[in-house]
Amino acid sequence: MGVNYIIFNHFILIFFFISLYHINAVDRSKFKTCDQSGFCKRLRASKPELSPFKIIRNSINVSSIGVEGSLVNADTEDFYSFLLQFLEDNTIRLRINENKIIRHRYQPLKALISEPYQHPFETIELLDDYLFFKIGSIKVKFIVSPLKLEIYNKDDLVIVANDLGKFVFEHYRPKPETINEENNKNGEWEERFHEHIDAKRFGPMAVGMDFSFPGATNIYGLPSHADSVSLKTTGNTDPYRLYNTDIFEYELNERMALYGAVPVIQAHGLNQTVGLFWLNAAETWVNVQKLSESGFNSNVMEKIVNLVAGGTKLVQNSGMNTHFMSETGILDVFFMCGPSFYDVTRQYSRLTGAAPLPPYFSLGYHQSRWNYNDQDDVKTVAENFDKYDIPLDVIWLDIEYTHDKKYFTWDPLKFNDPESMVHGLAAKGRKLVIIIDPHIKRDFGYFLHNDATHRGFYVKNKDGNDYEGWCWPGSSSYLDFLNPEVNEYYSSRYLLENFKGTSEDVHIWNDMNEPSVFNGPEVTMPKDCIHHGDWEHRDIHNIYGLFYVMATYDGLLKRSGGKKRPFILSRSFFSGTQRYAAIWTGDNMAEWGHLKMSIPMCLSSALGGISFCGADVGGFFGNPDKQLFSRWYQTGVYLPFYRAHSHIDTKRREPWLMGNETMHLIRNAIRERQSLMPLYYTLFYEHMQTGAPVIRPLVMEFPKEKETFDIDDQLLLGKSLLIKPVVEADVTHVDVYFPGANEIWYNKYTYQQVKTNGVKTIKISQNEIPVYIRGGSIIPIRNRIRRSSALTLHDPFTLIVALDINGTASGQLYLDDGESFEYRNGKYLLLHFTFLNNQLMSKIVDDGRFKTKAWIEKIIIIGIPNMFRTGIINSDRGQEELEAKYNTDEYSLTIRKPGVSVAVEWSISLL
Ligand SMILES: *[C@@H]1O[C@H](CO)[C@@H](O)[C@H](O)[C@H]1NC(C)=O
Ligand SMILES: *[C@@H]1O[C@H](CO)[C@@H](O)[C@H](O)[C@H]1NC(C)=O
Ligand SMILES: *[C@@H]1O[C@H](CO)[C@@H](O)[C@H](O)[C@H]1NC(C)=O
Ligand SMILES: *[C@@H]1O[C@H](CO)[C@@H](O)[C@H](O)[C@H]1NC(C)=O
C-alpha cells in the first residue's frame with residue numbers, strides 16, 4: 001500500500017489522508033524528471049562525438065583471468081582500469097573502475113547468485129589498434145581508441161559498447177571550498193528538490209555508456225514500468241527510470257520509476273536475441289532509440305565492417321541503441337550473446353539465479369484486504385469460502401493486525417489469540433500471510449526500537465544520527481540491512497519462540513521496502529543517508545529491498561531449521577529478488593486500464609528473471625464494478641501470483657458480496673486456477689532448471705514472426721497455453737492473434753480448432769476469456785476441486801493431449817511434497833509424456849524417490865481424427881483394455897479411469 005498524500009511544511013509535518021476519490025493520478029511533481037536529476041541531465045547531454053577514452057595499449061595484460069589494462073580520459077587525464085572477462089554460456093563481462101581510489105564504489109554483488117564462472121577463450125590477434133578474441137561462436141573486438149567493444153556472433157555484429165561514444169565516468173574529485181553556480185551547474189555538489197537538499201559529500205560520480213544492437217528491432221526488459229513490454233523510444237520523452245519508489249496511483253504508459261528495478265534488457269531482431277545486464281544499484285536512467293534516429297553515424301551504420309575472419313559485410317541501416325546512466329557505482333556490464341531468446345533468459349538466470357520451487361500453496365488463490373478487522377473476521381471469511389465452495393489457499397493480514405504498527409506484535413484486542421486463528425486455517429490446509437515492513441516505530445516502549453537504537457541498527461542521516469522518517473507508525477527509523485548483524489538480529493525475530501502467535505503456516509509480506517518514507521524526497525530515503533560500511537543511500541538504493549527480503553528469507557528458513565520453503569511477497573525488487581520472493585505490481589487501481597497493464601508489467605518482470613508476479617485482483621484503489629471484477633479474476637488465473645487485495649477505504653469485496661452471478665464467475669475462475677496448479681508447478685520446476693520464464697510474451701516462442709514482437713495484450717503460460725485476457729467493458733468479440741504458420745490452437749473449453757496464422761475475431765461470453773491450448777502439448781491438470789490445494793497433494797491427474805499437425809504431442813509433470821527442500825535430495829517425480837503413432841507414453845525422467853498415491857484418472861486427446869474405441873494400457877499391472885469414447889463434434893477421445901499410478905511407467909496404444 002502507498003502513502004496517500006503528504007505535505008512537509010518547514011518544521012511542521014502535516015499528514016493528510018485525502019479520500020482517494022479526489023485524486024485520480026500520481027502527483028508527478030513529487031518525482032524527478034531527467035532534467036531535475038543532475039547526473040541524468042549531465043549524462044544525457046553527452047554529445048555523440050569522439051569519445052575521449054582510450055586504452056593504453058602497452059598496459060594490456062592478457063591472462064587466464066581475462067584482459068586487463070588501463071584507459072585514460074584524454075581530456076582530463078584521469079586513469080581507469082578495465083577487466084574484460086569471458087564467462088560460460090556465451091556471456092562476456094566488462095568492468096571499468098577508477099584507478100585512483102579516493103573512495104570505493106559500491107558493487108551490488110548480492111544480485112549475483114555466485115561469482116560467475118570463467119571460460120577459456122582464444123586470442124586471435126593483438127594489434128596496435130585492436131585486440132581480437134574468440135569464445136565459441138562469439139568473437140570480440142576490443143578497439144583501443146576511442147574505447148569500443150564489438151561483439152559478433154558468427155559474423156554478425158550483435159552488440160557495440162560505446163558505439164555512440166557516450167561513455168562517461170565521473171572520477172571522484174576534491175570538494176571545492178565553496179559550492180557556487182559555477183561548480184554546481186547541474187547538481188554536482190548539491191541538489192535541491194522541493195524542500196529536500198541532497199548534500200553530495202563526494203560530488204559528481206556518475207557512470208554511463210551506450211550500447212548498440214545492430215540486428216535488433218525491439219528492446220524488452222527494464223522492469224518495473226507501467227508500460228508496454230517492447231520498450232518505447234525515448235527521444236522526445238524522459239528515459240526509462242529505475243529508482244525504487246512508493247508511487248501513489250501510478251499512471252499508465254509511462255517511463256516513470258515504480259517499486260522495482262531490474263537493469264536488464266533483451267535486444268531482439270529477426271535473426272537473433274542478445275541481452276545486456278547493467279549491474280548497478282544506484283538511480284539509473286535508460287534512453288532507448290533507433291540507431292537511425294541517433295543523429296550520429298555510429299560505427300554500426302557508417303561503414304563496411306572489416307572482419308578479420310570473415311571479410312567484409314555491409315551492415316544495414318537498422319538497429320537499436322540504449323544509453324544507460326547511473327548516479328554512481330562502477331561500470332559493470334554483462335553481455336549475454338544468446339543467440340536465442342531462451343538462451344538469453346538462461347544466461348541471465350545463470351548470473352542472478354532462478355526462483356527456487358515455491359511452496360505449492362503459494363500458486364493457489366490468496367485473499368487479502370487492508371484489512372481483515374479481527375480474528376473472527378478472518379475465521380468468517382475462510383468459512384464463507386467453504387460455504388460458497390470456492391477454493392482458498394491463503395488469507396492475508398495487512399498492517400492493522402499489529403499493535404500500533406509495531407511489527408512482530410499483534411493487536412491485543414483484535415488479534416488476542418492468533419494461534420487459534422492460524423490453527424483454524426491450517427486445519428483446512430490454509431496459510432496465513434502477514435505483513436512486516438522495514439520501518440520501525442520510534443517508541444521506547446517497543447523492544448525492536450530499543451534494540452535497534454542501542455545496538456546502532458538504524459540507517460544514519462548525513463550527520464551520523466539515526467535517520468528519522470515518517471511512515472505508517474508515524475515517526476520511524478529504518479533497519480540497515482547492509483549490516484550483517486542487523487540481518488542476524490532481524491531474521492531471529494521470526495523464530496517461533498520470538499514471534500509468538502506464528503507457526504510454520506504463517507508466511508510473510510514485505511511491503512514498503514523501496515524504502516517508502518512519506519516525507520522523504522520522492523517518497524523515499526534521502527540519498528545522503530549513511531549505511532553500514534559508510535555507503536551512502538544513493539550507492540545502494542535499488543538493492544535495499546533485496547537485502548531486506550534476503551534477511552526475511554533467512555529468518556523463515558531458520559524458523560523451520562532449514563526444512564520448509566519460505567513464501568515471501570516483496571513490493572520492491574532488484575536483480576536477484578527471484579531467489580527469495582514473489583512480487584506484485586503494487587498499488588494499482590480498479591480500472592480497466594490497470595487490468596490491461598498487469599499483463600505487460602508481469603511479462604516484463606518475467607523477462608527480468610522474476611516470473612512470480614501478479615497484480616492486485618480487483619484493483620487496490622477504488623471499487624470495481626461487477627464486470628471488471630470478474631474479468632480481473634479471469635485474467636489473474638493466468639498470472640503466476642493470484643491475489644485479490646484492496647485499500648482500507650474500499651467497499652468489502654469478498655466474492656459472495658458481488659451478487660450470485662458474479663460470484664459464480666469468480667468461483668469458476670478460482671477453480672480453473674486450482675485445476676491448473678500442476679501445470680504451474682511444473683513450469684516453476686522448468687524455470688528453476690532452465691531460467692525460462694513461467695509466463696512469456698509471444699515473441700519468445702515465435703521469434704521469427706514480426707507480428708508477435710509488439711504483442712503484450714496476450715501471453716503464453718509456458719509454451720502451451722495462449723491467453724487473451726478481456727480487458728474492456730461490454731465486449732462481445734475480441735481479436736486474438738494466433739502465432740505460428742503450422743500450429744493448431746484448441747479452445748480450452750470447446751476444443752474447437754483454430755489453424756489461422758494471424759488475427760481471428762473470437763466471440764466471447766461473460767463466462768470465460770479466450771484461452772487456447774497449443775497443438776503438440778500435453779497438459780497435466782487436477783479436476784477434483786478442493787477447499788485448498790494442500791488437500792489435493794495425492795489427488796489424481798487428468799492429462800489433456802493436444803495434437804499438432806503431425807498428430808504428436810509431448811509434455812511434463814513435476815511433483816513433490818510441495819513444501820520441503822527434500823526435492824534437492826532427489827525426492828521428486830518428473831514425468832515425461834509423449835504421444836506418437838497413436839501411442840501415449842509416460843516415462844519417469846528421474847529416479848522417482850518421491851512416494852505418491854496419485855494416479856491418472858482421465859486422458860483427453862484432442863484433435864484426433866480417428867474414431868478409436870479402445871486403448872490397451874501396458875503398466876506394472878500388465879496389459880489391460882481401456883474404454884475410449886470418441887466425440888465426433890470435438891474430435892476428442894476420452895479415456896476414463898486408466899487408473900494407473902503416476903509413479904510407474906506406462907503406455908497406452910489406441911486401437
Ligand atoms: C597479468 O595478469 C596475471 C593474472 O592477474 C598476473 O599474474 C601477471 O602478473 C600479470 N602480468 C603483468 C605483466 O602484469
Ligand atoms: C539476418 O540473416 C540473414 C541470413 O544470414 C542476412 O541476410 C540478414 O542480413 C540478417 N539480418 C540482419 C538484420 O542482421
Ligand atoms: C446463481 O447463479 C448460478 C449461475 O448463474 C445459477 O445457476 C443459480 O441458479 C443462481 N442461484 C440463485 C439463488 O440465484
Ligand atoms: C511436423 O513434422 C515435420 C517433419 O518431421 C516437422 O518439420 C515439423 O516441425 C512438425 N510440425 C510440428 C508442428 O511439430
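Hydrogens, waters and symmetry mates are skipped; everything else that's a heavy atom, side chains included, is used. Whatever order the structure lists ligands and atoms in, that order sets their numbers, starting from 1.
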Any protein N or O within less than 3.5 Å of an N or O in ligand 3? List each pair with its distance, or say none.
| from | atom 1 | to | atom 2 | distance (Å) |
| --- | --- | --- | --- | --- |
| ligand 3 | 2 (O) | Asn660 | ND2 | 2.4 |
| ligand 3 | 2 (O) | His664 | ND1 | 3.3 |
| ligand 3 | 11 (N) | Asn660 | ND2 | 2.8 |
| ligand 3 | 14 (O) | Asn660 | ND2 | 3.0 |

### Option passing ring-ring contact (aromatic ring centres under 6.0 Å, His included) with Phe53 (candidates Phe82, Phe79, Tyr80, Phe169)
Tyr80
### Summary
A student checking ligand 1 against Ile65 at a 4.0 Å heavy-atom cut-off should list atoms 4 (C), 5 (O)
### Task
Measure from the side-chain N and O atoms of Asn838 to the backbone N and O of Leu910, and report whether any donor-acceptor pair falls under 3.5 Å.
no
### Query
Short question: side chain of Asn747, backbone of Gln752 - any donor-acceptor pair under 3.5 Å?
no
### Query
Hey, are the side chains of His664 and Asn660 touching, using non-hydrogen atoms and a 4.5 Å cut-off?
yes
### Task
Give the C-alpha distance, both sets of side-chain angles, the deciding distance and a yes or no for side chain to side chain contact (heavy atoms under 4.5 Å, CB included) between Ile859 and Phe835.
CA-CA 12 Å; Ile859 295 165; Phe835 186 89; over 6 Å; no
### Task
State the atoms of ligand 1, each with its element, that fall below the 4.0 Å cut-off from a heavy-atom position in Glu68.
2 (O), 5 (O)
Contacts table for residues 756-763: side-chain donor-acceptor under 3.5 angstrom, sequence neighbours left out:
| from | atom 1 | to | atom 2 | distance (Å) |
| --- | --- | --- | --- | --- |
| Asn757 | ND2 | Glu705 | OE2 | 3.0 |
| Asn757 | ND2 | Phe738 | O | 3.0 |
| Thr761 | OG1 | Asp735 | OD1 | 2.7 |

### Task
In sequence, state the C-alpha distance, the side-chain angles, and the governing distance for Arg774 and Glu701, and then conclude on salt bridge (charged side-chain N to carboxylate O under 4.0 Å, His left out).
CA-CA 11 Å; Arg774 185 177 184 177; Glu701 275 294 314; 2.8 Å; yes
### Query
Do Arg631 and Gln634 have side-chain N/O donor and acceptor atoms under 3.5 Å apart?
yes
### Task
Find all atoms of ligand 1 within a distance of less than 4.0 Å from any non-hydrogen atom belonging to Asn61, and give their numbers and elements.
1 (C), 2 (O), 3 (C), 8 (C), 10 (C), 11 (N), 12 (C), 14 (O)
## Note on the structure
Here the atoms of ligand 4 under 4.0 Å from any heavy atom belonging to Asp804 are 12 (C), 14 (O)
